[in-house]
There are 2 protein chains.
Amino acid sequence: MKISTKGRYGLTIMIELAKNYGEGPTSLKTIAQANDLSEHYLEQLIAPLRNAGLVKSIRGAYGGYILTDVPSKITAGDVIRVLEGPITPVEGIEDEEPAKRELWIRIRDAIKGVLDNTTLEDLASHSEDGEMEGYMFYI
Amino acid sequence: MKISTKGRYGLTIMIELAKNYGEGPTSLKTIAQANDLSEHYLEQLIAPLRNAGLVKSIRGAYGGYILTDVPSKITAGDVIRVLEGPITPVEGIEDEEPAKRELWIRIRDAIKGVLDNTTLEDLASHSEDGEMEGYMFYI
DNA sequence: CTAATGCCTACCAAAATACTACGGATTTTT
DNA sequence: AAAAATCCGTAGTATTTTGGTAGGCATTAG
């Protein structure tokens, strides 16, 4: 019931690229240092993102990665799907009996609704805010 | 990003108990056979449900389990929380930076909205329907 | 030429998942 | 009293996922 570091760090990468969009390539080293993550691990995460066509690489010194589209056209769902697989609370929804199938579909659609309607632009702009205020943390 | 068999089989158990509510205890053997699952594995799943007070056991021959409350008062969220832990797409939401934190919170609340508003009564009654019609499966 | 990058393959330790095995405790039926 | 049906508890285990690390080659700016 969790999004792993793959999806989370992948989003971190994409948000950083969104912030630098239009200003040339950003290296993984920069992103890794800014977020205190392993550069080598990020390399493994960005490979699928490149294969999926979400980012483009520029090799050599002063190289790095850039988004292949404007931040407002790439969603969190695009990123999560590449790194975590299809968005669904269970494998093989179709095989479940009707009551549970409907439940999984409602959950899936609820998650999709959020992920597919949140763009990198949204995420990048809110990343520059200060602290959030008054959000309730209940479980 | 998945609900494991713990939560899924746990819901299966609870739905069966909901169907038999008011008609005496239902044994795990019956439930295991009806759903083609390992009885021994279900024993391990129902232990936490019993500890959480969602079901009550009756030992000995012709024993089994019964819900401790009416099916309309127990939600899918109650069951999932016991077997899968707190409903949240990431551990430690508070530690994330604002943009991602908001995203996780929106996802969490969307999932909670579904799970906490679906009761065992809902699930048990729909379980008796035939096939569903016309549901789109898109990813 | 050299430094900074991306790219690729392999390996690995720890945790979670999905069970199985075994035996004991309790209650009902015969 | 004995047998059968059930719940209860602990331990082991194979497989997969997670979250990396190691090492080195390929490419390009300066």
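We name chains A, B, ... by the order of the sequence lines, and we start the count at 1 in each one. Remember, predicted model here, so these are calculated numbers, not experimental data.
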- Task: Determine yes or no for a side-chain-to-main-chain donor-acceptor pair under 3.5 angstrom, with A/Arg101 supplying the side chain and A/Glu94 the backbone.
- Result: yes
- Can you tell me how far C1' of C/dA18 sits from NZ of B/Lys2, to the nearest Å? 17 Å
- Message: Is there a side chain to side chain contact (heavy atoms under 4.5 Å, CB included) between B/Val55 and B/Ile66? Walk through the geometry before answering.
- Response: CA-CA 6 Å; B/Val55 303; B/Ile66 57 177; over 6 Å; no
- Item | Connected via hydrophobic side-chain network under 4.5 Å: A/Leu49 and A/Val70 | yes
- Query: Can we say A/Lys100 and A/Asp95 salt-bridge, meaning some charged N sits less than 4.0 Å from an Asp/Glu carboxylate O?
  - Reply: no
- Query: Do A/Glu97 and B/Asn35 have side-chain atoms, one donor and one acceptor, less than 3.5 Å apart?
  - Reply: no
- Strictly by modelled atom types, are B/Ser27 and B/Tyr65 linked by a side-chain donor-acceptor pair under 3.5 Å? no
- Query: C/dC7 phosphate, OP1 or OP2: any side-chain N/O from A/Ser57 under 4.0 angstrom?
  - Reply: yes
- Look at all strands and tell whether B/Ile58 reaches a base, only sugar-phosphate, or nothing, counting heavy atoms closer than 4.0 Å. sugar-phosphate
- Looking for any heavy atom pair under 4.0 Å, which part of the strands does B/Leu28 touch: base, sugar-phosphate only, or nothing? sugar-phosphate
- Message: Whole angstroms only, please: what is the CZ-C1' distance between A/Arg50 and C/dG6?
- Response: 8 Å
- Derivation of the side chain to side chain contact (heavy atoms under 4.5 Å, CB included) call for A/Leu67 and A/Leu54: CA-CA 6 Å; A/Leu67 298 182; A/Leu54 294 180; over 6 Å; no
- A/Glu84 versus A/Ser4, side-chain donor and acceptor atoms under 3.5 Å: yes
- Rounded to whole Å, the CG-P distance (A/Leu42 to C/dT5) equals 14 Å
- Item | Carboxylate-amine/guanidinium proximity below 4.0 Å for A/Lys73 and A/Glu121 | no
- Item | Leading and trailing nucleotides of DNA chain D with any atom under 4.0 Å from heavy atoms of chain A | D/dT18 to D/dA29
- Query: side chain to side chain contact (heavy atoms under 4.5 Å, CB included) between B/Tyr21 and B/Leu120: does it pass, once the steps are laid out?
  - Reply: CA-CA 11 Å; B/Tyr21 187 71; B/Leu120 292 183; over 6 Å; no
- Does the pair A/Lys56/A/Asp69 count as a salt bridge with the N-to-O cut at 4.0 Å? no
- Item | Sequence-aligned protein contact record of nucleotides 20-30 of chain C, with B where the base is within under 4.0 Å of a protein heavy atom and S where only the sugar-phosphate is | BBB--BBBS--
- Message: Short of 4.0 Å, heavy atom to strand atom, which residues of residues 3-17 of chain A count as contacting DNA chain D?
- Response: A/Ser4, A/Thr5, A/Lys6, A/Tyr9
